[in-house]
Every structure is written in structure tokens, then in C-alpha cells.
**Q** 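For reference, the structure I am asking about is given below.
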Amino acid sequence: MLIDGKEISKLAYKDIVNEIKIITKKIKRPPTLNIILIGENPSSLTYVNNKLKKCEEIGIKGNLIKKPNNIGQKDVLSIISELNADKRADGIILQLPIPNHLNERILIESINPLKDVDGLTATNIGLLSIGNPRFIPATAYGIMEILKKEKISSEGKNIVVIGRSNIVGKPMVALLSGKSENATVTVCHSKTINLEQHTVNADIIIVAVGKPNVLDGSMVKKGVIVIDVGINRIENKENSKGFSIVGDVEFNSISKKASLITPVPGGVGPMTIAMLMKNVCEAAKLNI
Ligand code: NAD
């Protein structure tokens with residue numbers, strides 16, 4: 001059975017839109033999301049445009065600060081510092097990836113943790129890891145909402161998370177292994193020697209790798225629940241764009257064994273932006 005992420009996100013947006021109305025009344029302006037975009041990475045441009053479009057649709061003021069690829073570290077730091085000081089700037093995002101000459105960690109750490117709606121500062125990662133999250137990174141937050149809406153309990157389950165990035169894998173591990181979810185979590189990554197040995201006994205598998213066909217039907221047990229986070233472009237001459245978007249799992253063989261699976265597109269993706277918008281609301285509420 002497919003998990004319909006679009007439908008779940010529609011329900012989430014109903015609550016978010018109501019919340020935005022209440023916040024806007026209280027702070028006498030709409031909540032704001034400020035996105036710093038450096039360079040011309042086409043995927044980043046698409047992601048940022050999607051975020052801004054959604055902001056406009058639901059009543060958040062999106063503010064794009066677009067800078068050329070050759071901007072220096074000091075200039076980015078001063079943009080962040082101005083936003084930190086601006087009482088009308090609720091959420092701040094530094095769209096990743098950034099060019100190699102910039103120091104990502106220093107720039108992220110310069111964002112005021114109270115405005116860090118991506119949840120990537122050490123303070124916010126720390127709060128999440130001790131079970132007291134402030135801003136949960138949006139994709140991980142979206143997956144938790146999907147599990148909740150589908151009434152999938154994690155308690156006592158064997159959950160395998162494939163991928164250990166700061167934006168997906170690690171926050172998933174922190175959330176699922178914490179005292180509110182109580183799962184037994186195994187983390188697999190690029191240096192895992194025998195992936196199948198871990199996945200074959202898993203009740204739930206979360207795959208966030210960024211490569212097609214990392215997991216196939218032979219590697220999972222019957223009834224497994226699969227959350228496919230990956231977004232991969234593969235060549236497809238039959239498609240007018242010349243490519244298709246697929247996830248990280250080999251969908252045909254897995255879907256024959258899985259009791260539930262998120263499709264790509266239409267699974268985790270729609271929930272990611274929804275949960276980012278929820279984080280912006282949380283940041284704006286700090287002004288009340
Ligand atoms: P990342 O590149 O930061 O991390 C990938 C992880 O996969 C690493 O931890 C690496 O150790 C692991 N890995 C690599 N090869 C592996 C292999 N063969 N077996 C097991 N593990 C392996 O990626 P990310 O930012 O976490 O994103 C992962 C994927 O999810 C990408 O396709 C990305 O586009 C997608 N994504 C989707 C959404 C969404 O909203 N749907 C949001 C964020 C990321």
C-alpha cells in the first residue's frame with residue numbers, strides 16, 4: 001500500500017494556515033522566512049522557488065537574498081548577522097550546498113538558533129539529541145508526521161536508517177531512538193559492509209542515500225514499512241524532460257513485499273516543505 005504524502009501534507013497545511021492567521025494577528029505582520037541562496041545550482045533554485053511559492057500560498061512572507069557564487073565568507077556572515085538582528089526576520093535558511101570556498105559549519109553556527117528553522121546549528125542538534133527539540137530538520141519532521149498519521153508505532157520496532165546526514169539520517173536516529181519513540185535503531189551508511197544483513201530483519205526502513213536501487217525486495221522481510229527519502233534523476237528518453245525522478249529503493253520488487261511504502265515523487269517530499277513552514281510558525285511564535 002502506498003503512503004500518500006501529498007494527502008498527508010494537505011491535512012498538515014490546514015493546521016499550519018490556521019496557525020499563520022493567528023500568529024499574523026498577534027504579531028501584526030505575517031511570519032517571515034529568509035532564504036540566503038548563493039550561486040546558480042539548478043536543484044537549489046528549484047527547491048528555493050518551491051519554498052517561496054508555498055510561503056506565498058499560505059501567508060508566510062518569503063524573502064530571497066540571492067548572491068553570486070564568488071561572494072566571500074565575511075559578506076555572508078554580515079548578511080546573517082543583519083538577519084539575526086532584524087526583529088521581523090523569523091526564520092533564516094542558508095540554502096545548501098554552498099560553494100566550496102565558504103565554510104559551511106561557521107556560517108550555519110552564525111545563525112541565531114532561535115531563527116534556525118532548518119535545525120542545523122549545534123545548539124538545535126544538541127536539543128534534538130537530548131529529546132527536547134526546538135526545530136526538527138524538516139524532512140525528519142515530515143517522516144515523523146507520516147508515521148503518526150499512518151498510525152505506525154515505533155515502540156520496540158527494529159528500524160534501520162540508511163544514511164547518516166545531518167539533515168535526514170542523524171535526526172531520524174535521534175528521534176526514533178529517543179524515549180518518546182522507543183525504537184531499536186540501526187544506522188547504515190556508505191561504509192556498512194553488508195547492508196542486507198541489517199535490513200532483512202527490519203520492521204521499518206528509512207532510506208536517505210541519494211542513489212537509486214540501494215535497497216531491493218531481496219533485502220527486506222515481508223510486511224516491512226519503507227520510507228524512501230531519495231530524490232534521483234535518471235535518464236528517461238520517453239519523458240519530455242529527458243529524465244524521471246526516482247527514489248533510493250527498487251520500487252517494483254520492494255512494493256511486492258512491503259505493507260506500506262512512500263512513493264517518489266509524492267511521498268516524503270511534500271511533507272518536507274510543510275514541516276519547514278511549521279518551523280517558521282514556531283520561530284514567529286517566539287515573538288509573541
Ligand atoms: P547525503 O549525501 O548528505 O548523505 C547520504 C548518506 O548516504 C551518507 O550518510 C552516506 O554514508 C550514505 N550512503 C552513501 N552510499 C551508500 C550506500 N551505498 N549504502 C548505504 N549508505 C550509503 O544525503 P542527504 O542530504 O541525506 O539526502 C539523501 C537523499 O535524500 C538525496 O537523494 C536527497 O536528494 C534526498 N532528500 C530528499 C528530501 C525530500 O524532501 N524528499 C529532503 C532531503 C534529502
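One-based numbering, in listed order, for ligands and for the atoms of each.
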**Q** Looking at His189, which atoms of ligand 1 are within less than 4.0 Å of one of its heavy atoms?
**A** 11 (O), 19 (N), 20 (C), 21 (N), 22 (C)
**Q** Within 45° of the ring axis of Phe135 and under 6.0 Å from its six-membered ring centre, is that where the NZ or CZ of Lys115 lies?
**A** no
**Q** In plain terms, say whether Lys53 and Glu57 are close enough for a salt bridge, that is, a side-chain N and a carboxylate O under 4.0 Å apart.
**A** no
**Q** For atom CG of Asn194, decide whether the heavy atoms of other residues, nucleotides or ligands shown that lie under 6.0 angstrom number more than 12.
**A** yes
**Q** Closest by any non-hydrogen atom to atom 22 (C) of ligand 1: pick that one out of Gly163, Ser190, Gly230, Gly247.
**A** Ser190
**Q** Could you check Thr184 against Lys157 for side chain to side chain contact (heavy atoms under 4.5 Å, CB included), going step by step and ending with a plain yes or no?
**A** CA-CA 6 Å; Thr184 303; Lys157 301 271 169 65; over 6 Å; no
**Q** Are Ser253 and Glu250 linked by a side-chain donor-acceptor pair shorter than 3.5 Å?
**A** yes
**Q** Would you call Thr192 a ligand 1 contact, heavy-atom distance under 4.0 Å?
**A** no
**Q** Which is closest to atom 43 (C) of ligand 1 in terms of heavy atoms, Asn50, Asn166, Thr139, Val207?
**A** Thr139
**Q** If the threshold is 4.0 Å, N to carboxylate O, is there a salt bridge linking Glu282 and Lys278?
**A** no
**Q** Test Asp116 against every option in Asn124, Thr123, Asn279 by the side chain to side chain donor-acceptor pair (under 3.5 Å) rule and name the one that passes.
**A** Asn124
**Q** Does Ala208 come within less than 4.0 angstrom of ligand 1, counting non-hydrogen atoms of the residue?
**A** yes
**Q** With only distance considered, is Thr272 within less than 3.5 Å of ligand 1 through an N or O on each side?
**A** yes
**Q** For ligand 1, which atoms sit closer than 4.0 Å to a heavy atom of Ile167?
**A** 25 (O), 43 (C)
**Q** Identify, for atom 18 (N) of ligand 1, the protein heavy atom at the shortest distance, and state residue, atom and that distance.
**A** Lys211 NZ, 4.0 Å
**Q** Protein heavy atom under 4.0 angstrom of atom 27 (O) of ligand 1, is there one?
**A** no
**Q** Between Glu7 and Lys10, is there a salt bridge with N-O shorter than 4.0 Å?
**A** yes
**Q** Based purely on interatomic distance, does Asp248 place a nitrogen or oxygen under 3.5 Å from a nitrogen or oxygen of ligand 1?
**A** no
**Q** Begin from the C-alpha positions of Glu56 and Lys54 and carry the test salt bridge (charged side-chain N to carboxylate O under 4.0 Å, His left out) through to its verdict.
**A** CA-CA 5 Å; Glu56 200 179 330; Lys54 190 48 88 175; over 6 Å; no
**Q** Taking 4.0 angstrom as the limit and counting only heavy atoms of Ile162, give me the atoms of ligand 1 inside it, by number and element.
**A** 20 (C), 21 (N)
**Q** Look at atom 1 (P) of ligand 1 and say which protein heavy atom is nearest, naming residue and atom and giving the distance to 0.1 Å.
**A** Ser165 CB, 4.0 Å
**Q** Can a salt bridge be assigned to the pair Arg29 and Asp90 using a cut-off of 4.0 Å between side-chain N and carboxylate O?
**A** yes
**Q** Out of Leu195, Ile273, Val168, Val209, indicate the one that has the non-hydrogen atom closest to atom 14 (C) of ligand 1.
**A** Val209
**Q** Report, in ascending order of atom number, the atoms of ligand 1 lying under 4.0 Å from any heavy atom of Gly269.
**A** 40 (O), 41 (N)
**Q** Specify the protein heavy atom at minimum distance from atom 35 (C) of ligand 1: its residue, its atom name, and the distance to 0.1 Å.
**A** Val229 O, 3.5 Å
**Q** Please state which part of Lys191 comes within less than 4.0 Å of ligand 1, counting heavy atoms only: side chain, backbone, both or neither.
**A** neither
**Q** Around atom CD1 of Ile288, are there more than 12 heavy atoms from other residues, nucleotides or ligands closer than 6.0 Å?
**A** yes
**Q** Could Glu19 and Lys285 be called an ion pair, given the rule that one side-chain N must be under 4.0 Å from one carboxylate O?
**A** yes
**Q** Mind checking whether Ile231 has an N or O less than 3.5 Å away from an N or O of ligand 1?
**A** yes
**Q** Looking only at protein heavy atoms, identify the closest one to atom 8 (C) of ligand 1 and say how far it is in Å.
**A** Arg164 N, 4.0 Å
**Q** May I ask you to list the atoms of ligand 1 that are less than 4.0 angstrom from any heavy atom of Gly210?
**A** 28 (C), 29 (C), 31 (C), 32 (O)
